[in-house]
Amino acid sequence: MYAQMVKSENTDSGPEFDAFQARIDAGERIEPKDWMPDGYHKTLIRQISQHAHSEIVGQLPEGNWITRAPTLERKAILLAKVQDEAGHGLYLYCAAETLGVSRDELTEMLLDGRMKYSSIFNYPTLTWADMGAVGWLVDGAAIMNQVPLQRTSYGPYARAMIRICKEESFHQRQGYDIMMKMAQGSIAQKRMAQDALNRYWYPSLMMFGPSDKESVHSTQSMKWRIKINSNDELRQKFVDQTVPQAEYLGLTVPDEKLHFNQETGHYEFSEPDWNEFFEVLNGNGPCNTERLSARNKAWNDGEWVREGMMEHARKKAANEKVAAE
Amino acid sequence: MRDPLFEFLLRQGDNTLILSHRISEWCGHAPVVEEDIALANIALDLLGQTQMWLGLAGEVEGMGRSSDDLAMLRDAWDFRNAILVERPNGHFGQTMMRQFLFDAYHVELLSELVNSSDARIAAIAAKSLKEVEYHVERSATTIIALGDGTQESHARMQAALDNQWTFAGELFETDAGDETLNETGIAPLPSSLRSRFDARAKAILGAATLAIPETSFAHSGGRSGKQHSEHLGHLLTQMQWLQRAYPGATW
Amino acid sequence: MSDESPTARNEWPLWEIFIRGQHGMSHRHVGSLHAADSEMAIKNARDVYTRRNEGVSIWVVEASKITASSPSDKGPMYEPSQSKVYRHPTFFDIPDDVGAM
């Protein structure tokens, strides 16, 4: 998901490790000042930062359409949604900062490629229907992952997720609302909607990450309750929920093998192309270069602003000190 | 001549529409995430105000045009915003300088409009004023911090002021239509707002250690619609594109 | 993650934000943010954590100035601005047959 492919650190054993695990097993929250294993600490920093970076980079594909939104109301809704994503990035960075890293350091690790963000934001948004598809599918997939994370073991992370889930609930609905308008609209609009579904279906399935049945990392993360469900479990849930929604729209999911299995009560579907997934993660997605260079430009262009405001604050503090003496 | 009231409402709605659009271009590109969020709030406020002003404009016109029709289906020469707000964003300091100059005018105008003899205008002004009082507070604080920050930020802000100052004057331009509206107590003369604008500008720009250019020249042509800058047409090609490409579609 | 990195000197400090809402409850911690000074911290808090809801009182405290015993365990809450109705999921009318969303 937003934390796809996060490596989990191995951990040692011993009495304090057992006590720590016992707290987690009892459903207790771990708080910043509490003792925690190194591996837990490091894995959390990676996972929360990657999630935060995803929100920040995630502003770009939708921001791409704000100036072209078709009505004033759609523009306001989209702007509010992208603004929420900035806010979610902010909450998550703050959660990561409770682990003793600074936001600027994390930002630099994103900008020079040492840290990752979700593969999904490396896909282009080509038509207005993509605003619908991103809200419906991408936010739909994100919510599926984020809702259980409200119960994650690390307190600041769980609290950030609670706030995020509360704000996020309108995102998926506004996306589906756009899709409904398109699917019920003119022939051209319907074509646009189908095209958006065609392009966003598999990338959305990839958001959950590759199958983690055999993954050691996943097992450790689940033990620590910083991962709650398996990737496959969430992907299945997503497909089960989304296919009827596509049918309601009169759109076709681009998967010839897709069918409902009466016995299991679940849809069976084709796997996404995992080679493509790894290529995107390794920098070869359609928009990797654009996304990272946009973020680098914002950061570099903003340097004089951040410094200028900080310098003014220092001067002001010095003046106040003089005045007080 | 066009109905002065319709013209007045277009001027309000077009100022907020075009400025909101410009600010929304920042989305995801601000110097720090807190500024991204703050800029989006300003854009959202101005967009909400646009819906009210242009909605009323359509009502007053009586031709059945909605706020969306007015925003999306007019060509550049029918827009009545001041040139200041259609100018490109430039760097963050230029955007904030433009914002401050507009806010400092906007807050004075709205403070008068809350007493408009037209209850609909007074109501829109009352809602907008609460938002704009915060806009000017925030843009002023930012101008002061960057003007009084590092050497580099100071130099950039001075250049931003030099570059935009001559575009502020148009906001106070007063024509026959304004006189008519003033006589009936609907809206103040724009020229009457100038002294309070100057006082605020002097105080804030002074605190920012910036020098106001010594010129009384003012660009004009946007508010009257006679001659916008080249930038407006490009802005409209983006903003209106879907409505133009798919006429009559519902979104 | 050392303090000597080139960014460290110019990183805006972290502030903890406390807000008292319209209903007269006492101030409570809603989250954190970065700002160059307390004045900007209050403004940023208005933009980030209230989305401009009126009638709220904001306290900001520089995080490094806080002495903590044990962390609180209350989750933060957030009330969207009343005028931005599209922030509420119920603004979008989704037909029942579509299922949960």
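Keep in mind that what you see is a predicted model, and the values were worked out from it rather than measured. Per chain, numbering begins at 1; letters A, B, ... match sequence-line order.
Residues B:Pro31 and A:Asp301 have side chains not in contact (no heavy-atom distance under 4.5 Å, counting atoms from C-beta outward). Looking only at side-chain heavy atoms (C-beta outward), B:Met239 and A:Lys75 come within less than 4.5 Å of each other. Between B:Leu146 and A:His312 there is no side-chain heavy-atom pair separated by less than 4.5 Å. Looking at heavy atoms from C-beta onward, A:Leu60 lies in side-chain contact with B:His29 at the 4.5 angstrom threshold. Between B:Tyr246 and A:Met192, the closest side-chain pair of non-hydrogen atoms falls below 4.5 Å. In this structure the side chain of B:Gln51 reaches within 4.5 angstrom of the side chain of A:Glu73, judged on heavy atoms.
Scanning for ring-ring contact (aromatic ring centres under 6.0 Å, His included) contacts around A:Tyr93 gives A:His53, with sequence neighbours left out.
Counting heavy-atom pairs closer than 4.5 Å to chain B, the top residue among A:Lys315, A:Lys297, A:Glu303, A:Glu307 is A:Lys315. Looking only at heavy-atom pairs under 4.5 Å with chain A, the residue among B:Gln243, B:Gln151, B:Met96, B:Arg156 that has the most is B:Arg156. Across B:Leu47, B:Leu54, B:Thr142, the residue that shares the most heavy-atom pairs under 4.5 angstrom with chain A is B:Leu47. Counting heavy-atom pairs under 4.5 Å between each of B:Ala249, B:Gly48, B:Ser67, B:Gly28 and chain A puts B:Gly28 at the top. The residue among A:Gln184, A:Glu62, A:Lys181, A:Lys316 with the most heavy atom pairs within less than 4.5 Å of chain B is A:Lys181.
Heavy atoms of A:Ala313 lying under 4.5 Å from chain B are absent altogether. Contacts between A:Met179 and chain B at a heavy-atom distance below 4.5 Å are absent for every atom of the residue. If you measure heavy-atom distances from A:Arg306 to chain B, the contacts under 4.5 Å come from the side chain alone. For A:Ala188, the part lying under 4.5 angstrom from a heavy atom of chain B is the side chain only. Proximity to chain A (any heavy atom under 4.5 Å) is restricted, for B:Asp36, to the side chain, taken from C-beta onward. The parts of B:Ala43 that come within reach of chain A are both its backbone and its side chain, each placing non-hydrogen atoms under 4.5 angstrom from that chain. Both the backbone and the side chain of B:Trp251 have a heavy atom closer than 4.5 Å to some heavy atom of chain A. Heavy-atom distances place no part of B:Leu235 under 4.5 Å from chain A, backbone and side chain included. Neither the backbone nor the side chain of B:Arg22 comes within contact range of chain A; no heavy atoms are under 4.5 Å apart. The parts of A:Met309 that come within reach of chain B are both its backbone and its side chain, each placing non-hydrogen atoms under 4.5 angstrom from that chain. For a residue to count as touching a neighbouring chain, one of its non-hydrogen atoms must lie under 4.5 Å from one of that chain's; by this rule B:Met157 touches chain A with the side chain only. Of the atoms belonging to A:Ile178, not a single heavy atom falls under 4.5 Å from chain B.
Between the OG1 atom in A:Thr71 and the CG atom in B:Asp69 there is a gap of 11.0 Å [rounded to 0.5 Å].
A salt bridge links A:Arg103 to B:Glu34: one of the charged nitrogens lies within less than 4.0 Å of a carboxylate oxygen.
B:Asn41 and A:Gln83 share a side-chain donor-acceptor pair at under 3.5 Å. Side-chain contact, A:Thr67 with B:Gln238: a donor N or O sits under 3.5 Å from an acceptor N or O.
Classified by interplanar angle (parallel below 30°, tilted 30° to 60°, perpendicular above 60°), the ring pair B:His91/A:Trp304 is perpendicular.
For residues 124-132 of chain A, a heavy-atom distance under 4.5 Å to chain B picks out A:Trp128, given by residue number.
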